[in-house]
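Heads up, the thing below is written out as structure tokens.
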Amino acid sequence: MPNEIIDGKRIAQLIKDEVREHSAALRARRDVVPGLAFMLVGENPASQSYVASKERACEYCGFHSTTLRLPLETSEAEVLGRIDTWNIDPDIHGILVQLPLPKHIDEDRVIEAISPRKDVDGFHPINVGKLVIGQECFLPCTPAGIQELLIRSNVATAGKHVVVVGRSNIVGKPIANILLQKAVGANAVVTVTHSAAPDIAVYTRQADILIVATGRVNTVTADMVKEGVVVIDVGINRIEDADTAKGYRIVGDVDYEGVRQKSSLITPVPGGVGPMTIAMLMKNTYQSALRSATQR
Ligand code: L34
């Protein structure tokens with residue numbers, strides 16, 4: 001089986017280049033600069049590095065961005081107040097509160113406080129509901145990035161069996177709903193399996209396209225997939241490694257070396273889905289700015 005890698009970093013760069021062009025045109029035609037507001041509460045190192053990457057992407061795409069870094073002990077009321085200010089700020093087209101939040105802050109309440117029209121993460125219940133019933137909405141960035149990777153790698157999904165491992169609100173549930181839609185780039189037969197299954201291999205072995213988002217190293221090994229499968233590994237796990245400069249390396253949820261012997265296509269970690277999450281955030285923010293400029 002000829003075995004190829006889906007280069008997420010390369011595809012993400014293509015998307016950022018497209019957004020950059022569109023954003024320059026929007027500025028020239030309508031004098032609108034897409035604006036994205038970030039909130040980062042506490043000092044989670046992974047969150048800090050993801051937000052820094054998102055800020056760099058904004059700059060690359062010609063967006064205006066602002067980041068509010070708040071201490072760990074910030075109250076929920078303070079967070080909600082800041083969101084209210086951004087909700088009515090005409091220069092802000094997207095609001096992103098980096099998750100996870102500290103335990104004393106109710107994530108659901110924070111997500112619901114964001115105007116659905118500025119919810120470029122696609123996490124607000126209004127956008128989640130619209131996704132499920134097939135209405136136009138902001139798609140969450142990681143699942144939107146997965147769909148885009150499949151499309152741009154010419155992986156047909158119509159009538160194919162997609163097996164999703166994991167049922168999170170950020171990845172598992174939305175990607176299942178996206179690929180289930182009767183639409184171009186979707187129309188798949190979708191199975192969602194998760195930690196309550198006695199043996200997930202029963203399901204993963206049936207996958208034409210396997211999407212793994214459990215947050216657990218080695219969730220899927222070579223014996224659990226069929227020959228020729230397309231594998232999308234969403235996991236980002238930090239593994240201690242004294243041989244690296246940082247003292248750790250990043251691995252996915254899939255046993256990459258084993259599984260790639262059987263897969264026709266597979267995403268690496270890093271350089272697979274992660275960069276796509278950021279590219280799709282740029283796309284959503286541009287769309288939001290365009291919509292506000294054209295008053296729909
Ligand atoms: N609100 N919170 C909100 N929106 C999101 O979309 C996220 N997520 C997840 C965590 N919390 C969030 C992200 O941005 C995960 N996530 C994310 C974003 C980017 C990358 C990974 C996760 C990424 O760039 N990964 C690179 C490098 C990984 C590394 O070196 O740490 C990769 O190549 O996979």
Side-chain angles (χ1 to χ4, degrees), residues 5-13 15-16 36-58 60 65 67-70 79 82-83 86 94-102 105-114 116 118-124 127-128 138-146 148-149 166 168-175 212-215 217 232-241 244-254 256 266-285:
I5 281 168
I6 299 180
D7 187 346
K9 202 168 168 187
R10 194 193 108 249
I11 297 172
Q13 186 60 48
I15 292 166
K16 283 187 286 184
L36 183 47
F38 298 103
M39 191 188 298
L40 186 52
V41 187
E43 295 188 351
N44 180 318
S47 296
Q48 286 176 325
S49 111
Y50 300 153
V51 170
S53 301
K54 292 173 184 183
E55 292 172 312
R56 280 194 301 274
C58 283
Y60 184 81
S65 81
T67 302
L68 190 58
R69 291 181 170 79
L70 297 171
V79 168
R82 302 286 189 154
I83 291 171
W86 284 337
I95 299 173
L96 188 145
V97 178
Q98 189 69 20
L99 302 179
L101 285 167
I105 299 176
D106 183 338
E107 279 184 3
D108 290 342
R109 204 173 288 160
V110 170
I111 289 166
E112 285 187 45
I114 298 170
K118 299 190 179 187
D119 171 37
V120 288
D121 260 330
F123 292 164
H124 191 288
N127 286 316
V128 176
F138 288 119
L139 295 181
C141 303
T142 301
I146 293 169
E148 200 69 34
L149 280 180
S168 70
N169 291 339
I170 299 191
V171 183
K173 283 178 197 161
I175 193 59
V212 189
T214 58
V217 174
I232 307 289
D233 188 351
V234 189
I236 305 266
N237 305 290
R238 287 188 177 196
I239 300 288
E240 270 185 52
D241 186 345
T244 66
K246 290 177 175 168
Y248 67 85
R249 66 197 158 89
I250 307 274
V251 300
D253 293 345
V254 171
Y256 182 79
I266 187 166
T267 59
V269 178
V273 174
M276 291 298 291
T277 297
I278 297 178
M280 298 316 282
L281 173 66
M282 298 301 110
K283 197 167 177 177
N284 279 351
T285 304

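Counting starts at 1 for both ligands and their atoms, in listed order.
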Self-check item: Region of Pro270 that comes within reach of ligand 1 [heavy atoms, distance under 4.0 Å]
Solution: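 Near ligand 1, Pro270 shows its backbone as well as its side chain.
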Closest protein heavy atom (residue, atom, distance) for [atom]:
| atom | value |
| --- | --- |
| atom 25 (N) of ligand 1 | Gly274 CA, 3.7 Å |
| atom 14 (O) of ligand 1 | Lys54 NZ, 2.7 Å |
| atom 33 (O) of ligand 1 | Gly271 N, 2.7 Å |
| atom 4 (N) of ligand 1 | Asp121 OD1, 3.0 Å |
| atom 11 (N) of ligand 1 | Leu99 O, 2.9 Å |
| atom 22 (C) of ligand 1 | Tyr50 CZ, 3.5 Å |
| atom 12 (C) of ligand 1 | Gln98 NE2, 3.2 Å |
| atom 29 (C) of ligand 1 | Ile250 CD1, 3.8 Å |

Does [X] reach the side chain of [Y], with side-chain heavy atoms less than 4.5 Å apart?
| X | Y | value |
| --- | --- | --- |
| Gln13 | Arg10 | no |
| Ile6 | Ile11 | yes |
| Ile114 | Trp86 | no |
| Tyr50 | Leu40 | no |
| Asp233 | Asp253 | yes |

Quiz item: With distance as the sole test, does Asn237 use its side chain to make a donor-acceptor pair with the main-chain N or O of Gly252 at under 3.5 Å?
Solution: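 Between the backbone of Gly252 and the side chain of Asn237 there is a qualifying donor-acceptor contact (under 3.5 Å).
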Quiz item: Do any nitrogen or oxygen atoms of Val97 lie less than 3.5 angstrom from nitrogen or oxygen atoms of ligand 1?
Solution: yes
Quiz item: Measuring from Ile146:CD1 to Leu139:CG, what's the distance to the nearest 0.5 Å?
Solution: 11.5 Å
Quiz item: If you round to the nearest 0.5 Å, how far is OG1 of Thr67 from CD of Gln98?
Solution: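 The distance works out to 10.0 Å.
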Exercise. Kindly determine whether Leu96 and Thr285 satisfy side chain to side chain contact (heavy atoms under 4.5 Å, CB included), including the steps that lead there.
Key: CA-CA 10 Å; Leu96 188 145; Thr285 304; over 6 Å; no
Quiz item: At a 4.0 Å threshold, what atoms of ligand 1 neighbour a non-hydrogen atom of Phe123?
Solution: 1 (N), 3 (C), 4 (N)
Quiz item: For ligand 1, which atoms sit closer than 4.0 Å to a heavy atom of Thr277?
Solution: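 That gives atoms 6 (O), 14 (O) of ligand 1.
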Self-check item: Other residues, nucleotides, ligands: >12 heavy atoms within 6.0 Å of Arg238 CZ
Solution: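 Yes, the 6.0 Å shell around CZ holds more than 12 heavy atoms from other groups.
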So is [X] close enough to ligand 1, meaning a heavy atom under 4.0 angstrom away?
| X | result |
| --- | --- |
| Pro275 | yes |
| Cys141 | no |
| Thr142 | no |

